[in-house]
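Heads up: the structure comes next, in structure tokens.
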Protein chains: 2
Amino acid sequence: MNSVRVCIIEDDELIRDSYAFLIEKKSTHKIIGMYVDYEEAEKDLYELHPDVILLDIELPGKNGIDAIPSIKKILPDTFIIILSVFETEDLILKALRNGASGYLTKNSPSEKIISAIEEVMEGGGPMSSSVASLVIKAFQKNNNSPLSKREIEILENFAAGKSRKRIAEEMFIDTETVKTHLRNIYFKLDVHSKADAIQIARSKKFI
Amino acid sequence: MNSVRVCIIEDDELIRDSYAFLIEKKSTHKIIGMYVDYEEAEKDLYELHPDVILLDIELPGKNGIDAIPSIKKILPDTFIIILSVFETEDLILKALRNGASGYLTKNSPSEKIISAIEEVMEGGGPMSSSVASLVIKAFQKNNNSPLSKREIEILENFAAGKSRKRIAEEMFIDTETVKTHLRNIYFKLDVHSKADAIQIARSKKFI
DNA sequence: ATATATATACCCCATTATGGGGTAAATCAT
DNA sequence: ATGATTTACCCCATAATGGGGTATATATAT
């Protein structure tokens, strides 16, 4: 592994300095920039063009989640690894959606951080195991759904923007049958519209 | 880490036996069952109640992907780790959606497989780094979208099943403006319906 | 065996949403 | 300053929706 040019954006001085120290000491990677917030970093980013940015989420000024798209606009090919104490589904998914390539918790040992830097450079997606688990769970359905298999199938087609007619044709059933299923779905989810049914079903991972 | 009761479903004798041998030799986990296909395994699963199942995808009879929900129905709390030579987005996401807790490529060293068994028992989500990268990319949008920001926003609301009227209200614009955006979205995606627009936009990760 | 859930299908009705067409002005960004 | 974006209005016919009632066959579970 060649020397990787790394930049750190982290407001806590102790954490920032110890990461920098350990990375420089235990690997061949170079810490080419250290910043206490995104606004400071922004001025230098284009000139610096780091390979990897270690980014904290809890920052003064623009937070890490919102900083990701801004960084990606300036440096589309720079990999961003989130370093955070928080492991909530919401934050993790937003970070990944916004363009982060990895997500580590701050209690990760320095070896894990160093190998994560190498991993992203090689096209990997380094994550703490609890983070990986949350990411996987984000794909999985809730098996305590009140909806039947057929109802789930219909609501999924519905959520794909299809009309009753089209769903009926594709499922080889009558449009009236689709309608009856829909009526039962509305009753079970206690809603009275498509949008509400989709929203409830998605948030509860029924579909 | 206590001894974990592991079961292997893998049709290739050499791979199956070498996994079993290495796991028994290098860890305290117990291989309590080995099967060449899902049908064979199914007979014993409830009685065996393994903690973890190492599951191949390319199986004779029912394939691994389809076997996952069947296993989960019999053993809802057993963790399933996929072992596959294939790393296509489609297979990986289907496996995770169906309930797999981890996904390793077959070239993984035995240490990685052993630690994966421990990781799932502790609530983690073990993945090969290339798999993790694909999973992360599944969350990320295509930034070469022909759609404008506003159009993406509107199509996302559209994909949430909302009507033009509701979108207009929530976005503080006129329904006619929503309509114009929609018309431009249809033109850019070369479609003539909601369902097609959503389908194209989702498959190309524009939304 | 009997109750409950599921999947199928038909009828009525009024209201709402959709897609296609044309046009245009203000603002934003390269 | 040229093209893209965002906003908004007009016309029109057709399709889709949601609410109501009813029914029958099959599965599943207690």
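Here the structure is a predicted model, which means the values were calculated and not measured. Chain identifiers are assigned alphabetically (A, B, ...) following the order of the sequence lines, protein sequences preceding nucleic acid strands; residue numbering begins at 1 within each chain.
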### Closest-nucleotide ordering on DNA chain D, the 5'-leading residue of Lys162(A) and Lys179(B)
Lys179(B)
Taking only N/O atoms, report every protein-nucleotides 2-9 of chain C pair under 3.5 Å with atom names and distance.
from   : atom 1 : to        : atom 2 : distance (Å)
dT6(C) : OP2    : Lys188(A) : NZ     : 2.9
dA7(C) : OP1    : Arg150(A) : N      : 3.4
dA7(C) : OP2    : Ser148(A) : OG     : 2.1
dT8(C) : OP1    : Arg150(A) : NE     : 3.3
dT8(C) : OP1    : Arg150(A) : NH2    : 2.8
dT8(C) : OP2    : Arg150(A) : NE     : 2.8
dT8(C) : OP2    : His181(A) : NE2    : 3.1
dA9(C) : OP2    : Asp174(A) : N      : 2.7
dA9(C) : OP2    : Thr177(A) : OG1    : 3.0
dA9(C) : O5'    : Thr177(A) : OG1    : 3.3
dA9(C) : N7     : Thr180(A) : OG1    : 3.2
dA9(C) : N6     : Thr180(A) : OG1    : 3.1

## Note on the structure
Within residues 192-207 of chain B, the residues having a heavy atom closer than 4.0 Å to DNA chain C are His192(B), Ser193(B), Lys194(B)
### Flag for His181(B)-Glu153(B): side-chain donor and acceptor within less than 3.5 Å
no
### Query
Just by distance, do the side chain of Ser128(A) and the backbone of Val131(A) share a donor-acceptor pair under 3.5 Å?
no
### Task
Only one of Asn144(A), Asn143(A), Leu147(A) passes side-chain contact (heavy atoms from CB on, under 4.5 Å) with Phe206(A); say which it is.
Leu147(A)
### Query
Does a side chain donor of either Ser70(B) or Glu42(B) reach within less than 3.5 Å of an acceptor in the other side chain?
no
#### Entry: Whole angstrom value for the distance that separates P of dT17(D) from CZ of Arg166(B)
15 Å
### Task
Find the distance Ile167(B):CD1 to dT16(C):C1' and express it as a whole number of Å.
14 Å
### Message
Within a 6.0 Å radius of atom NZ on Lys204(A), are there more than 12 heavy atoms belonging to other residues, nucleotides or ligands?
### Response
no
#### Entry: Nearest-Å distance for atom pair CG/P, residues Leu155(B) and dT5(D)
15 Å
### Query
CZ of Phe158(A) versus P of dA16(D): gap in Å, rounded?
12 Å
### Query
Is Lys106(A) atom NZ crowded by more than 12 heavy atoms from other residues, nucleotides or ligands, each under 6.0 Å away?
yes
#### Entry: By ring pair (Phe, Tyr, Trp, His ring centres under 6.0 Å) - contacts of Tyr38(A) (at least two apart)
none
### Query
Looking at CD of Glu119(B) and OG of Ser130(A), how far apart are the two atoms once the value is rounded to the nearest 0.5 Å?
9.5 Å
### Message
Using the ring pair (Phe, Tyr, Trp, His ring centres under 6.0 Å) criterion, which residues pair with Phe139(A)? Sequence neighbours excluded.
### Response
Phe139(B)
### Query
Would you write out the dot-bracket form of DNA chain D, 5' to 3', with Watson-Crick and G-U pairs under 3.5 Å, [ ] for crossing pairs, | for pairs to other strands and . for unpaired bases?
.|||||||||||||||||||||||||||||
### Query
Atom CD in Glu10(A), atom OH in Tyr35(A): separation rounded to 0.5 Å?
15.0 Å
### Message
Can you pull out every salt bridge (Lys or Arg N to Asp or Glu O under 4.0 Å) where at least one residue sits in residues 133-147 of chain A? Sequence neighbours excluded, please.
### Response
Lys141(A)-Glu156(A)
### Summary
From NZ of Lys165(A) across to P of dG18(D) the rounded distance in Å is 17 Å
### Task
Return the value, rounded to whole Å, for the distance between atom CG of Leu182(A) and atom C1' of dG20(D).
15 Å
#### Entry: Between P of dG18(D) and CZ of Phe187(A), the distance in whole Å
17 Å
